[in-house]
Protein chains: 2
Amino acid sequence: MADPHLRLQEMIAKLKNLNFRLTPQRLAVLKILAASTNHPSVEWTYEKVKRTFPTTSLATIYKTIALLKEVNEVLEIRFSESSRFDGNKPYPHPHMICLKCKKIQDPDLIGLEKLTEQATQLTGFQIVDHRLDFFGLCPECQIKGSPTVIP
Amino acid sequence: MADPHLRLQEMIAKLKNLNFRLTPQRLAVLKILAASTNHPSVEWTYEKVKRTFPTTSLATIYKTIALLKEVNEVLEIRFSESSRFDGNKPYPHPHMICLKCKKIQDPDLIGLEKLTEQATQLTGFQIVDHRLDFFGLCPECQIKGSPTVIP
DNA sequence: GTATGTGCAAAGAGTTTGCAGGGTA
DNA sequence: TACCCTGCAAACTCTTTGCACATAC
């Protein structure tokens with residue numbers, strides 16, 4: 001993962017450059033997204049921010065994340081039920097998703113570029129984005145009946 | 001693509017074997033999903049079925065597709081906005097998705113198995129499903145301002 | 001004949017939006 | 001001080017559900 005502190009500074013710089021204001025609530029969201037490897041959900045981020053700012057609203061979390069998406073400082077991983085976010089690596093990359101505990105992990109795969117080339121040549125598409133998800137059971141969930149934790 | 005007539009027969013056989021009833025509405029949905037290469041949405045399927053059965057309800061389309069998902073005779077491609085379906089190839093495969101006209105196409109890519117193996121070995125996940133989507137502009141949409149058609 | 005499927009309307013979940021009041025630069 | 005941001009509640013979209021009536025087998 002990228003250095004969380006560095007990522008936070010990058011995010012702050014981006015927002016300042018674009019003349020967006022750095023409110024305490026926003027800063028709290030940035031910190032969480034910059035440092036998390038667990039691909040937080042909106043709800044999880046909301047609960048975490050509320051520990052510091054109990055009056056924070058869900059709408060503010062949504063609005064802040066929408067802003068970060070707009071300036072490409074967070075990657076949204078959309079599922080039909082809800083979305084998960086990655087502010088540490090805000091660019092497309094493969095994910096391993098545990099169907100039981102909902103953990104999301106980033107494997108370093110080699111060869112995805114080759115597939116992208118093939119796809120381009122076969123279809124003539126001008127590719128601007130991609131998404132590769134593997135679904136299954138993580139090592140922990142293969143063994144015990146681990147609790148379902150949705151980050 | 002698989003032979004649409006054959007696919008329809010397979011779907012019918014599956015439902016009969018499991019003692020589900022073959023209503024005219026259901027049959028209409030099966031026909032559409034077995035024969036379509038455009039990865040229909042629920043809404044598109046609904047409009048198409050209504051031409052033959054004007055009193056059909058959206059709920060029936062949803063219920064029929066849910067049934068087909070349950071017996072693995074249709075692949076659901078979920079997006080946060082809505083889902084698209086493939087009854088012709090009801091198993092995981094890569095998709096090319098045009099961001100403009102919403103067309104979805106199936107490229108025959110070589111090498112995805114290698115990535116799956118890598119992912120398994122790197123993470124220890126027991127993989128049961130995957131999804132690979134490429135997003136971009138199809139050849140038509142790269143040129144003209146083609147109309148946005150959502151199947 | 002009987003259980004299953006249909007159609008309508010209402011409920012549900014996650015997300016977005018409008019607006020009045022409050023805080024940043 | 002001026003404008004942007006927050007927080008609350010209502011709205012929105014896609015999908016699911018409950019229930020009375022209809023119908024496939």
Side-chain angles (χ1 to χ4, degrees), chain A residues 11-30 32-33 39-71 74 76-85 102 148 150-151, chain B residues 11-30 32 39-71 73-74 76-85 102 148 150-151:
Chain A
M11 293 166 113
I12 291 175
K14 176 76 77 80
L15 293 191
K16 282 198 171 175
N17 282 341
L18 296 170
N19 276 96
F20 290 107
R21 293 181 183 168
L22 273 179
T23 65
Q25 294 92 328
R26 267 187 190 170
L27 200 54
V29 173
L30 298 207
I32 291 168
L33 294 179
H39 304 77
S41 65
V42 166
E43 199 63 41
W44 190 88
T45 306
Y46 175 50
E47 295 302 334
K48 203 121 189 264
V49 172
K50 271 207 298 190
R51 292 178 198 168
T52 319
F53 302 99
T55 65
T56 305
S57 74
L58 203 47
T60 295
I61 310 292
Y62 273 108
K63 285 169 182 168
T64 302
I65 289 181
L67 172 62
L68 290 173
K69 279 193 289 177
E70 220 164 286
V71 301
V74 74
E76 178 171 19
I77 315 166
R78 295 188 163 208
F79 298 98
S80 54
E81 320 83 52
S82 65
S83 285
R84 301 278 291 270
F85 301 90
K102 307 302 177 191
T148 298
I150 303 177
Chain B
M11 292 166 112
I12 291 175
K14 175 75 76 83
L15 292 191
K16 281 197 170 175
N17 282 342
L18 296 170
N19 278 95
F20 290 107
R21 293 179 184 171
L22 274 179
T23 65
Q25 295 93 326
R26 266 185 190 171
L27 200 54
V29 173
L30 297 205
I32 291 168
H39 305 76
S41 65
V42 166
E43 201 64 40
W44 189 87
T45 306
Y46 175 50
E47 296 302 333
K48 202 123 192 262
V49 172
K50 270 208 296 192
R51 292 178 198 169
T52 319
F53 303 98
T55 65
T56 304
S57 73
L58 202 48
T60 295
I61 310 292
Y62 273 107
K63 284 168 182 167
T64 301
I65 290 180
L67 173 61
L68 291 172
K69 279 193 290 178
E70 218 164 289
V71 301
E73 290 296 328
V74 74
E76 178 170 19
I77 314 167
R78 295 187 163 209
F79 298 99
S80 55
E81 320 83 54
S82 66
S83 284
R84 301 277 292 270
F85 301 90
K102 307 301 176 190
T148 297
I150 304 178

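Fair warning: this is a prediction, and the values are worked out from it, not measured in the lab. Both backbone and side-chain heavy atoms feed into the values below; hydrogens, waters and symmetry mates do not.
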[X] side-chain N/O to [N] phosphate OP1/OP2 under 4.0 Å:
X	N	result
B:Ser83	D:dT15	yes
B:Ser82	D:dC14	no
B:Thr23	D:dA24	no
B:Gln25	D:dT23	no
B:Thr60	C:dG7	yes
A:Tyr62	C:dT15	yes
B:Arg26	C:dG5	yes

In whole Å, I'd like the distance from the [atom1] atom of [X] to the [atom2] atom of [N].
X	N	atom1	atom2	result
B:Ile65	C:dG5	CD1	P	16 Å
B:Leu22	D:dA22	CG	P	22 Å
B:Ile61	C:dT6	CD1	C1'	11 Å
A:Leu58	D:dA10	CG	P	16 Å
A:Tyr46	C:dG14	OH	C1'	14 Å
B:Leu18	C:dG5	CG	P	11 Å
A:Phe79	C:dT15	CZ	P	12 Å
A:Arg84	C:dG14	CZ	C1'	15 Å

Rounded distance [0.5 Å steps], CZ in B:Arg78 versus CZ in A:Phe79: 11.0 Å
Indicate, yes or no, whether a donor-acceptor pair under 3.5 Å links the base of C:dG18 to the side chain of A:Lys63. yes
Is a side-chain donor-acceptor pair under 3.5 Å present for A:Glu76 with A:Ser83? yes
Do you know which two heavy atoms are closest between A:Thr56 and A:Tyr46, and how far apart they sit? O-CE1, 3.3 Å
Tell me the closest heavy-atom pair linking A:Val71 and A:Lys14, and the distance in Å. O-NZ, 2.7 Å
Residue closer to the 5' end of DNA chain C, B:Asn19 versus B:Thr56 (nearest nucleotide): B:Asn19
Name the residue closer to the 5' end of DNA chain D, choosing between B:Ala66 and A:Phe53 according to the nucleotide with the nearest heavy atom. A:Phe53
Quick check: on DNA chain D, is the nucleotide nearest A:Ala59 upstream (toward 5') of the one nearest B:Glu81, or the reverse? Name the residue that is more 5'. A:Ala59
Evaluation steps, side-chain contact (heavy atoms from CB on, under 4.5 Å), between A:Leu68 and A:Leu30: CA-CA 9 Å; A:Leu68 290 173; A:Leu30 298 207; 3.4 Å; yes
Using a heavy-atom cut-off of under 4.0 Å over every strand shown, decide if A:Glu43 touches base, sugar-phosphate, or nothing. nothing
